[in-house]
Participant: 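Here you go, one structure.
Remember, it's 1-based here, ligands and their atoms both numbered in the order they're listed.
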Amino acid sequence: MIIDSHCHLHDAAFADVREAVRTAVACGVWGIVAVGCDPGTNARTLEVAEVVPKAVWPALGFHPDRPQLDDEELDRVEAQVAEHHAGLVAIGEIGLPWYSLADAADAADRMVTGRARLERLLALAARFDLAVILHAPHGAAQSAFEALRRHGIERAVFHWHKAPADVTHAIVDAGYLVSVTPEVVYRDRDRALVAAVPLGSLLVETDAPWPYRGEFDGLPSGPWLASRVVEEVAKLKQLPVEDVTFEVSSNACRLFELPWR
Ligand SMILES: [Zn+2]
């Protein structure tokens, strides 16, 4: 059985979360790590996890690429994590800004702010011994990697990972995980990543309800797509789907210290 390691179940697309989980289970996806982005989506994530506690494991986060979020909201997220840490499997998603810096006149300032915020959040992860789900794409990956090391964080995943090959190599070498989305079905960059990384360092995720292209064009995006990701990873690794399912699910159990491990 498969675990979707990163899904936005707080989103309005999953208003009927029981139905979303039923569909996922019917596709072989029986566990979902639900991530939050800010105080509001964190609160909704906690609600969702209470509705279907057997299938949903909550993580609370502060999205680094949302420039509208301010320090007051970060204070609130810190308070949420402190209050609920015993019921969480991770802090996430957190990380460093990248996409929002592209056209920003104050990109350098925002990067400084983003780094300071990540420091606070990693200190919190270390304090409560929580796994870390990182949003740190491309040029942000190296700095996030260094920040993890500085804080002595041992359990972390670089979600929807994309980075230069040498940075990926260092990340995997240090024992951190990287995850791939349904893009792996049709995008060479993600396929090359799967080929380059050992199975023991891989997770699958959907980042749903993110809309995907290729064969997914026009189809509803949800945690059920994680089964298609596993199938494609199996093809790329030339291994039986059952073996890959077992491996990536074991990786998720190890990372998030899931209770049934
Ligand atoms: Zn996400």
Side-chain angles (χ1 to χ4, degrees), residues 2-15 17 20-21 24 29 31-49 56-69 73-74 77 80-81 88-102 114 117-118 121-122 125 130-138 140-141 144 148 155-163 171 176-184 187 189-190 193 202-213 216 220-226 228-229 248 252 255-256:
I2 293 158
I3 296 168
D4 178 358
S5 68
H6 186 121
C7 183
H8 292 266
L9 283 182
H10 59 76
D11 194 277
F14 305 117
V17 72
V21 169
V29 179
I32 302 161
V33 176
V35 297
C37 300
D38 55 39
T41 59
N42 286 343
R44 176 64 188 151
T45 299
L46 290 168
E47 274 173 24
V48 164
V56 175
W57 298 293
L60 303 185
F62 183 89
H63 202 296
D65 250 333
R66 306 247 166 109
Q68 71 276 20
L69 294 178
E73 280 157 311
L74 177 55
V77 169
Q80 286 177 317
V81 172
L88 304 179
V89 297
I91 287 190
E93 56 188 287
I94 63 170
L96 290 170
W98 183 255
Y99 301 114
S100 61
L101 302 182
R117 289 172 170 177
L118 180 60
L121 290 159
L122 290 181
L130 289 165
V132 174
I133 300 169
L134 282 169
H135 165 106
H138 303 292
L148 287 176
R155 296 185 292 127
V157 57
F158 286 71
H159 119 83
W160 202 334
H161 182 63
K162 38 254 190 193
I171 286 168
Y176 301 123
L177 303 182
V178 298
S179 74
V180 289
T181 69
E183 263 202 345
V184 75
R187 191 160 186 171
R189 181 189 66 201
D190 303 70
L193 174 70
L202 270 180
L203 291 187
V204 297
E205 63 159 300
T206 63
D207 207 12
W210 185 269
Y212 293 96
R213 301 196 304 271
F216 309 105
S221 171
W224 45 85
L225 296 182
R228 181 67 183 91
V229 182
V248 296
L255 174 69
F256 298 116

Participant: Considering only heavy atoms from C-beta outward, does the side chain of Ile94 approach that of Leu118 to under 4.5 Å?
Facilitator: yes
Participant: I'd like to know if the Zn ion (ligand 1) has an N/O/S atom from His63 within less than 2.8 Å of it, counting both backbone and side-chain atoms.
Facilitator: no
Participant: Report yes or no: do Asp38 and Thr41 form a side-chain donor-acceptor pair below 3.5 Å?
Facilitator: yes
Participant: Please state whether the separation between the Zn ion (ligand 1) and some N/O/S atom of His8 is under 2.8 Å?
Facilitator: yes
Participant: If you check every N/O/S atom of Glu93, which is the one nearest the Zn ion (ligand 1)?
Facilitator: OE2
Participant: Any donor-acceptor pair under 3.5 Å linking the side-chain atoms of Ser179 with those of Glu205?
Facilitator: yes
Participant: Would you mind naming the N, O or S atom of Asp207 nearest to the Zn ion (ligand 1)?
Facilitator: OD1
Participant: Scan side-chain atoms only and decide if Glu93 and His8 contain a donor-acceptor pair under the 3.5 Å cut-off.
Facilitator: yes
